[in-house]
Amino acid sequence: MSYVSRPVRKKDAMALVTGKPVYTDDLAPKDCLIVKVLRSPHANAWIEEIKTGTARQVNGIAAVYTYKDVPKKRFTLAGQTYPELSPYDHYILDRRLRFVGDAVAIVAGETEEAVDKALKRIKVKYQVDQPVLDMHKAKDADILVHPEEDWEAKIPVGADNKRNLCVSGLEESGDVDKILGECKYTVDRTYHTKANQQAMMETFRTYCYMDHFGRLNVVSSTQIPFHVRRILGNALDIPSSKVRVIKPRIGGGFGAKQTSVCEIYPAFVTWMTGRPSKIIYSRYESQICASPRHEMEIRVRAGADENGIVRAIDVYTLSNAGAYGEHSPTTVGLSGHKSIALYRHTEAYRFAYDVVYTNVQAAGAYRGYGATQGIYAVESAVNELAEIMGMDPVKIRELNMPLQGEPLPAYGDCDTAESCTMDQCMERAKEMMNWDEKYPCKDLGNGKVRGVGVAMAMQGSSIAGIDVGGADMKLNEDGSYTLGLGCADMGTGCDTILAQMAADCMETSIDNIVVFGVDTDISPYDSGSYASATTYTTGMAVVQSCQELRGKICALGAKILQADPEEVNFDGEFVFTDEEHKVSLKDIAIQGTCGNSQELQVTRTYSSPVSPPPFMVGMAEVEVDKKTGSTKVIDYVAVVDCGTPINPNLVRVQTEGGIAQGIGMALYEDIQYNEKGAVRNNSFMQYKIPSRLDIGDIRVEIRGSYEPTGPFGAKSVGELVIDTPCPAIAAAVYNATGVRVRELPITPEKIAMGILQKESEK
């Protein structure tokens with residue numbers, strides 16, 4: 001292979017580093033109406049009266065809309081499958097407001113100044129009710145976040161809006177209580193992860209225009225173009241055929257743009273006025289009314305025998321949906337499915353969960369998608385179990401980790417790990433960290449101590465039987481190829497990876513592959529870029545379309561050579577029977593487009609019945625100042641099994657980025673609300689994300705396996721890599737200080753207070 005497993009430079013690299021206008025706002029027409037949203041100052045309120053007359057009189061204002069002007073049809077903003085598992089609990093604008101930042105009115109005008117002036121002139125009289133802000137008090141509370149009668153859950157997931165339940169369920173196998181009772185060693189611990197913002201560089205943004213066919217064209221920074229088309233059709237109560245969605249370059253998503261956060265507002269304005277419009281979220285809006293990670297509290301009971309074999313795991317997850325239910329039914333599932341499955345000897349497990357509505361901004365998809373929270377809890381519990389046993393935490397994992405051909409309890413999509421090098425990942429990480437010398441800690445003698453911690457993780461590769469990848473491969477008249485994709489490259493480099501596969505399949509130069517991004521009018525259907533699906537699922541669609549196109553090229557070449565198609569070969573440049581009898585690809589291309597009835601274009605979609613997990617081991621070394629509790633990550637080593645790495649450079653970059661985000665979740669990031677439900681840290685001045693100075697050294701190695709169901713043996717990597725930092729860093733802090741912090745983030749205050757408490761107990 002010339003390109004697969006090679007560090008090929010991204011196809012869009014030069015355009016991006018030279019500042020070419022490729023993003024949504026770069027491409028928006030200059031005459032777009034500026035769209036902004038008036039937002040609720042209350043966490044739970046009704047609009048008693050709203051006056052917009054003086055706002056409409058502002059010079060340059062084109063339209064002002066309230067709940068009186070929009071279709072009364074419920075929908076969900078979650079972009080995932082159909083029928084959607086997330087409840088239908090949205091209007092475009094609603095009389096009832098459910099969090100500070102909820103939409104009250106839409107204003108569109110010629111200039112930003114005019115719109116800002118009009119927003120201030122809208123007069124609203126609110127009936128303010130008591131909000132429910134604590135997820136522990138939400139279930140069966142007297143205060144209902146969604147009391148409306150037209151609330152709907154299309155899929156039975158245990159939801160009940162009259163109980164503030166967005167999702168509820170129980171899965172179990174074996175007698176957990178009996179097995180735990182037999183175990184010599186047990187732990188029963190509760191861990192709490194807070195909501196985090198994705199904090200992508202490019203905020204939410206969309207522009208819209210009407211074409212000459214009377215169709216709504218939506219250009220948006222989104223991970224889910226085809227889902228956005230359906231969502232807008234539902235919300236506007238128009239056929240989806242009236243909507244076209246185009247995705248330009250995306251300046252980061254990390255799951256935030258798997259929810260259709262902003263598209264509906266300019267879409268509604270353009271549909272009503274016929275004029276182009278755009279909305280650009282400020283960073284403030286992206287902090288207070290976005291789509292953050294679900295806050296979760298997870299109780300873990302685990303038991304092991306005298307030899308260190310983990311026999312039973314019991315997980316209960318309480319998840320905070322916020323004001324709306326986007327992605328709540330699916331994120332909570334991963335908190336158990338991806339964590340319990342890490343322990344192959346588990347004889348019995350129980351996984352129960354509740355997801356509750358509260359009056360804070362709605363949560364959504366975030367890299368790791370619930371697995372991050374669940375793995376933090378289960379891996380932390382196993383670290384505590386190892387301590388009770390007096391066993392090295394590496395050893396307990398070596399005894400219990402997934403191995404090739406061995407079971408994956410509770411995973412669901414795969415009964416066994418058909419491709420797995422977790423044992424090699426652990427062995428190599430241990431060498432890289434010099435674990436035996438550094439574990440558990442080293443006192444530096446100046447009030448600072450260094451400790452090390454370990455965690456392992458697994459994720460998935462697409463959603464089995466649901467996610468769809470699409471690819472269209474066409475031979476052009478000059479002998480080049482056009483690769484049409486329905487997946488969204490959001491900076492991950494999937495356009496490049498898929499072009500690498502196509503180039504090797506067609507035995508041509510990667511420069512001979514022209515890749516175009518998503519346009520729902522002409523791209524093959526693809527469920528979008530999420531769930532670690534692109535390389536695995538869309539990659540298989542690319543491989544299959546290329547294989548069929550090779551067959552068509554050979555058939556036409558054989559016809560030109562007057563040979564039997566079974567007798568010819570194709571080497572990327574010529575179709576031939578022998579050295580003397582051959583026809584060039586360019587000649588075939590010309591004949592294939594002029595006077596030929598055989599189409600040299602193939603569209604293929606692919607959906608996998610399984611979701612083979614990638615695996616990872618992460619080890620962290622931290623330095624803690626015991627006087628202040630200040631913690632620095634000194635070193636982080638990660639060894640990853642993503643199957644065949646299609647582009648090792650991009651695997652490494654993905655891993656480094658995911659670890660950096662995981663460090664932020666472990667040590668810094670925490671969306672905080674005041675007593676009235678307003679976000680306290682509504683800018684980067686208050687909401688700390690790690691800079692390059694905060695993440696120390698990150699060292700990455702790949703220990704690939706071969707996944708028989710994946711393209712070229714590949715699996716996924718995008719989400720997996722955020723899953724190990726939280727438990728590894730928490731363990732490293734404990735080993736350095738003796739303070740066990742079970743609520744993220746692990747702040748200096750929590751460590752310092754923990755040290756003081758330990759000293760007072762002596």
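Hydrogens, waters and symmetry mates play no part in the numbers below; they use all other heavy atoms, side chains included.
Side-chain N or O atoms of E326 include none that pairs as donor or acceptor with a backbone N or O of T259 at under 3.5 Å. Side-chain atoms of Q223 come within 3.5 Å of backbone atoms of G255 as a donor-acceptor pair (strictly under, hydrogens ignored). A donor-acceptor contact shorter than 3.5 Å links the side chain of T222 to the backbone of I224. The backbone N or O of P708 lies less than 3.5 Å from no partner atom in the side chain of E418, so there is not a single donor-acceptor pair. The closest donor-acceptor contact from the side chain of T482 to the backbone of K474 lies at 3.5 Å or more, if one exists at all. Under a 3.5 Å cut-off, the side chain of S509 and the backbone N or O of D511 do form a donor-acceptor pair. Side-chain N or O atoms of S529 include one that pairs as donor or acceptor with a backbone N or O of A488 at under 3.5 Å.
In this model, no donor atom of one side chain and acceptor atom of the other lie less than 3.5 Å apart for S220 and K247.
Residues N647 and T496 form a side-chain contact, since some pair of their non-hydrogen atoms from C-beta on lies under 4.5 Å apart. You'll find the side chain of D641 reaches within 4.5 Å of the side chain of K715, heavy atoms only. Within the 4.5 Å cutoff, no side-chain heavy atoms of C554 are placed close to those of P565. Side-chain atoms of S611 and Y411, non-hydrogen and from C-beta on, do get closer than 4.5 Å to each other.
Closest approach of C642 to V717, counting heavy atoms only: CB-CB, 4.0 Å. The two atoms that bring T206 and C262 nearest to each other are OG1-SG, 3.3 Å, heavy atoms only. Looking at every heavy atom in both residues, M433 comes nearest to M619 through CE-O, 3.4 Å. The shortest heavy-atom contact between P292 and Q198 is CA-OE1, 3.9 Å. Counting all heavy atoms, side chain and backbone alike, A666 lies closest to I729 at CB-CD1, 3.9 Å. Summarising the geometry of S523 relative to G517, their closest heavy-atom pair is OG-O, 3.4 Å, with the distance given to 0.1 Å.
S691 is linked by a side-chain hydrogen bond (donor to acceptor under 3.5 Å, both in side chains) to D694, counting only residues two or more places apart in sequence or in another chain.
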- Any chance you could lay out the ring-ring contact (aromatic ring centres under 6.0 Å, His included) test for Y369 and H327, step after step, and finish with the verdict? CA-CA 9 Å; Y369 204 79; H327 299 285; 5.8 Å; yes

- Task: Determine, step by step, whether Q459 and R367 satisfy the side-chain hydrogen bond (donor to acceptor under 3.5 Å, both in side chains) criterion, reporting the C-alpha distance in whole Å, the side-chain angles of both residues, the deciding distance to 0.1 Å, and the verdict.
- Result: CA-CA 11 Å; Q459 195 79 29; R367 191 180 205 166; over 6 Å; no

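Ring geometry for F204 versus Y281: interplanar angle over 60°, hence perpendicular rather than tilted (30 to 60°).
Taking CD1 of I510 as the reference point, atom CG of D504 lies at 8.5 Å (rounded to 0.5 Å).
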Which pairs of donor and acceptor atoms, one on a side chain in residues 567-577, lie under 3.5 Å apart (sequence neighbours left out)?
residue: D571; atom: OD1; partner: E573; partner atom: N; Å: 2.9
residue: D571; atom: OD1; partner: F574; partner atom: N; Å: 2.7

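Salt-bridge formation is detected for the pair R249/D12: a Lys NZ or Arg NE/NH1/NH2 atom is positioned less than 4.0 Å from an Asp or Glu carboxylate oxygen.
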